[in-house]
Amino acid sequence: MNILAVETSCDETAAAVVRDGYEASSDVIASSCEAFVKYGGVVPEIASRKHLEYLSDVCGKAVSDAGMTFGDIDAVAVTYGPGLIGALLVGVSGAKAIAYALKKPLIAVHHIKAHICANYIESPMLKPPFVGLVASGGHSHIIYARDYVDFEILAKTRDDAAGEAFDKVARVLSLGYPGGPLLEALAKNGNDEAYKFPRVKFPNYDFSFSGVKTAVINELHRAKQANADINKADVAASFQKAIVDVLVDNTVSLAIRKKTDKVVMAGGVACNKTLYEAFAKKTKQHGLELYCPKPRLCTDNAVMTGCCAYFMAQQEEFADMGLNAFATVPL
Ligand code: KG4
Ligand code: ZN
C-alpha cells in the first residue's frame with residue numbers, strides 16, 4: 001500500500017510516500033523557517049502563504065522521488081490537527097483535491113499520533129504497549145500506547161510546551177530562531193549547576209515550564225540591573241538541565257507506574273542530545289528499553305504522517321470530503 005502523506009501543521013511543507021507503513025519511499029520537506037528568523041517565531045499568516053506556494057511542487061516531488069506516478073498512490077493522508085489553523089487548511093484542501101482526483105481514500109491524521117509513529121519507522125520491531133514523551137514546539141504530552149495508534153494521554157503541560165520554553169529562553173538570550181538547537185549548542189560550554197532553576201512537579205506528572213522560563217528572565221534582569229556579567233552558556237546549560245530533569249523523571253515514573261518495559265521519545269525536542277543521554281541513563285537504571293527516532297523524523301515531516309495513516313487504514317479509519325482542519329483536537 002503506497003500512501004501519499006501531507007503535513008502542513010506549522011512551518012514545514014512536507015510530503016512523503018510511505019510503503020506498507022514502514023518504508024519511506026520518499027521524504028520531501030520545504031521549510032519556511034528562514035522567513036521567521038527576523039520575527040523570532042512563526043507568523044501563522046506567512047506560514048499559510050508559504051504552504052500554498054510550496055505544496056503542489058512538494059507533493060509532485062514526493063511522488064517522483066519515490067519513482068512513481070500519482071497512479072501508483074493507493075491512499076492520501078493529511079494532518080488535520082492540532083496545529084496552526086491556516087497552515088493546516090492548506091494541507092487538508094490540497095490532500096482532499098488529490099484524493100478526489102485520484103478517486104482514492106483520504107486518511108485524516110492527528111499530528112501528535114504521527115510524532116509517536118516516527119518510532120515505528122525508525123524501529124520496525126517496536127510493539128505497543130509503551131509509554132511515550134512527545135515534546136515539540138506546541139505540545140508536551142506523556143502518552144500510553146495501548147495499540148499502534150490508540151493512545152491515552154497520561155500527563156501534559158499546563159502552560160508552555162518544552163520546545164516553546166527552549167525557543168523563548170533562546171530569544172531572551174538573543175540566540176536566534178529556532179531556539180532549541182541554538183540553545184543546546186551554547187549549553188555544551190556551560191555549567192548546568194551554575195543556576196538553580198525550578199523544577200515544577202505535580203502529583204499527576206503534568207508539566208509546567210512557564211516558571212522556569214520566568215526564572216531565567218528574572219535572572220537576566222537582575223544581572224542587567226546590577227551591571228553584572230552573565231555567562232550565557234551557564235544559563236543555557238542550567239535551564240536545559242531543569243527541563244530535561246522533569247521530562248525524564250515524569251516519563252520514566254509513568255512508565256514504571258504503567259508497568260511497561262519500553263519508553264519512546266518523539267517531537268522536535270527529542271533531537272536534544274542531553275535529553276537523550278539523560279533518558280538513556282535513567283531507562284537503563286530501571287531496565288527499560290529506550291526508542292528515539294533520528295532527528296529528521298523527530299521534527300515535523302510527512303513520513304510519520306504516512307506511517308500513522310497506514311495503521312489507521314488497517315482499521316478502516318477513513319475520512320470523507322467533508323474533512324476540516326482543527327487547531328486543537330483531542331488525542
Ligand atoms: O516537532 P517540531 O518540529 O514542531 C512542532 O510540532 O512543534 O518541534 C519544533 C520544536 C521547536 O520548539 C524547537 O526549538 C525544538 O523543537 N527543538 C529542540 C531541538 N531541536 C528542535 N529543542 C531542544 N533541543 C534541540 N536540539
Ligand atoms: Zn510537530
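When a residue number appears, it is its place in the shown sequence, counting from 1. Computed from a prediction, not measured in an experiment: that's the story for all the values here. Indexing begins at 1, ligand by ligand and atom by atom, following the structure's order.
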Any donor-acceptor N or O pair under 3.5 Å, side chains Asp159, Ser210: yes
Ligand-side contact atoms (ligand 1) for residue partner Thr299, heavy atom cut-off under 4.0 Å: 3 (O)
Distance, nearest 0.5 Å, that separates CZ of Arg222 from CD1 of Ile217: 12.5 Å
Arg158 to Phe202, cation-pi by 6.0 Å centre distance and 45° axis angle: yes
Which atom of Asp300 approaches the Zn ion (ligand 2) most closely (N/O/S): OD1
Ligand 1 versus His111: contacting region, heavy-atom distance under 4.0 Å: side chain
Protein heavy-atom partner closest to atom 26 (N) of ligand 1 - residue, atom, separation in Å: Glu184 OE1, 2.7 Å
Vertex the Zn ion (ligand 2), arms to His115 NE2 and His111 NE2, rounded to 10°: 100°
Sole residue of Phe166, Phe209, Phe197 in ring pair (Phe, Tyr, Trp, His ring centres under 6.0 Å) with Phe239: Phe166
Atoms in ligand 1 flagged as close to Gly163, the criterion being non-hydrogen separation under 4.0 Å: 12 (O)
Test item: Leu106 and Asp320 side chains (from C-beta on) under 4.5 Å apart, heavy atoms: no
4.0 Å heavy-atom contact, Gly138 with ligand 1: yes
Near-ring test Tyr148/Tyr120, centroid separation under 6.0 angstrom: yes
salt_bridge(Glu184, Lys273) N-O dist < 4.0 Å: no
Atoms of ligand 1, numbered as shown, that sit under 4.0 Å from any heavy atom of Pro181: 19 (C), 20 (N), 21 (C), 25 (C), 26 (N)
For atom 11 (C) of ligand 1, the option (of Thr274, Asp11, Asp167) bearing the nearest heavy atom: Asp167
Best match, Ala135, Gly180, Ala165: closest heavy atom to atom 22 (N) of ligand 1: Gly180
For atom 24 (N) of ligand 1, the option (of Asn272, Asp300, Ile243) bearing the nearest heavy atom: Asn272
Proximity to ligand 1 by part of Cys298, non-hydrogen separation under 4.0 Å: backbone
Nearest-neighbour protein heavy atom for atom 17 (N) of ligand 1, which is reported as residue plus atom name and distance: Gly268 O, 3.5 Å
Residue and atom name of the nearest protein heavy atom (relative to atom 10 (C) of ligand 1), distance in Å to one decimal: Gly137 N, 3.4 Å
Per-atom contacts of ligand 1 with His115, taking only distances under 4.0 Å to non-hydrogen atoms: 1 (O), 6 (O)
Side chains of Ile230 and Tyr195 in contact at under 4.5 Å (non-hydrogen atoms): yes
Note: Glu164-Lys168 ion pair, threshold 4.0 Å (strictly below): yes
Close N or O approach (Glu12, ligand 1; < 3.5 Å): no
Euclidean distance, Ile107 CD1 relative to Gln315 CD, rounded to 0.5 Å: 11.0 Å
